[in-house]
Amino acid sequence: MQIIDGKQIASEIKKELAVKSAAIIDKGDRPPHLVAVLVGEDPASQTYVNSKERACKEVGFTSTIYRLEPDTTEKKLLEIIDFINNDDEVDGYIVQLPLPAHINVQKIIGSINPQKDVDGFHPVSLGRMMLGEPTYLPATPYGIIQLLERSKIETSGKHCVVLGRSNIVGTPISVMLSRKANPGNCTVTVCHTGTKNLKEIAKTADILIAAMGQPHFVTADMVKEGAVVIDVGIHRMPDNSEKGYHIIGDVKFDEVAPKCSFITPVPGGVGPMTIVSLLMNTFKAYNKEV
Ligand code: GUN
């Protein structure tokens, strides 16, 4: 059994980006610039946005955070988006989700210039992904693809079972892995709340992607001997430690890991890859690859 070290792989990718960024600065050009728009004071969103800013610093990218009041109107937010869409000094940007209830999320995402949509959430970005055209892939599935590729895991012809059909993980990863690509070319089954015999289906997976958002849902009896298990779950469990919590995934790691050929731990598996994916997308945006 081999543990896929997401922290290590993320750190390697950051080093590669830092080298490229330094070369740009040495030439006298401006480095890639990522903007995050944060509306309101949701603590988790603030943490995410701060981590994105820190990651940009680490690789030598410029980052700007637009911090907006919780009562910012949809009209005002659309004006700010229009400004960023036309700002030649910004390569890519994200609007941190969730947005306050008075703002229509799909309207906001739809107003992002697809050329700067480094989250890959715009319908045009998702449509290009469906067609296999150059695009920004959403961060978490892109991170999973990187983990599979850099761990040299063969995917072609394998049966991949995805647990969960969310717009940001389950649905896009199922499309990416079924496409004729490497990694990809899998036979993909998507399981969700409407699936009747989920346990039996999970057990047929060569590659099992757990992204249903339920702590410790995947147990050893649901996993085939020799399977590759990718755990996308992140759950804070309160405890008596100094931090007051520890993080667990959707997979019962201790009992599942001995059956696997490869498995991602939580924390330190898929999690560290998501921000790195955003940085990779920002670099693509800088080079106008999309
Ligand atoms: N909120 C939680 N995850 C994400 C993400 O990947 N992008 C954005 N914009 N908001 C999020």
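In each ligand, atom 1 is the first atom listed, and ligand 1 is the first ligand listed. These numbers come from the heavy atoms of this one structure, side chains and all, not from hydrogens, waters or symmetry mates. Since we're looking at a predicted model, the values are computed, not measured.
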Check this for me: Glu69, atom CD, are more than 12 non-hydrogen atoms of other residues, nucleotides or ligands nearer than 6.0 Å? no

Rounded to the nearest 0.5 Å, what separates atom [atom1] in [X] from atom [atom2] in [Y]?
X: Cys260; Y: Ile207; atom1: SG; atom2: CD1; answer: 12.0 Å
X: Leu208; Y: Lys259; atom1: CG; atom2: NZ; answer: 11.0 Å
X: Asp221; Y: Lys199; atom1: CG; atom2: NZ; answer: 4.5 Å

Less than 4.5 Å apart, any side-chain heavy atom of Thr140 and any of Ile168? no

Pairs under 3.5 Å, nitrogen or oxygen of ligand 1 with protein nitrogen or oxygen:
{"unit_1": "ligand 1", "atom_1": "1 (N)", "unit_2": "Gln96", "atom_2": "NE2", "d": "3.1"}
{"unit_1": "ligand 1", "atom_1": "1 (N)", "unit_2": "Leu97", "atom_2": "O", "d": "2.9"}
{"unit_1": "ligand 1", "atom_1": "7 (N)", "unit_2": "Asp119", "atom_2": "OD1", "d": "3.2"}
{"unit_1": "ligand 1", "atom_1": "7 (N)", "unit_2": "Asp119", "atom_2": "OD2", "d": "3.1"}
{"unit_1": "ligand 1", "atom_1": "9 (N)", "unit_2": "Val95", "atom_2": "O", "d": "2.8"}
{"unit_1": "ligand 1", "atom_1": "9 (N)", "unit_2": "Asp119", "atom_2": "OD2", "d": "2.6"}
{"unit_1": "ligand 1", "atom_1": "10 (N)", "unit_2": "Gln96", "atom_2": "NE2", "d": "3.3"}
{"unit_1": "ligand 1", "atom_1": "10 (N)", "unit_2": "Leu97", "atom_2": "N", "d": "2.9"}

Under the side chain to side chain donor-acceptor pair (under 3.5 Å) rule, collect the residues that match up with Asn185, sequence neighbours excluded. Ser156

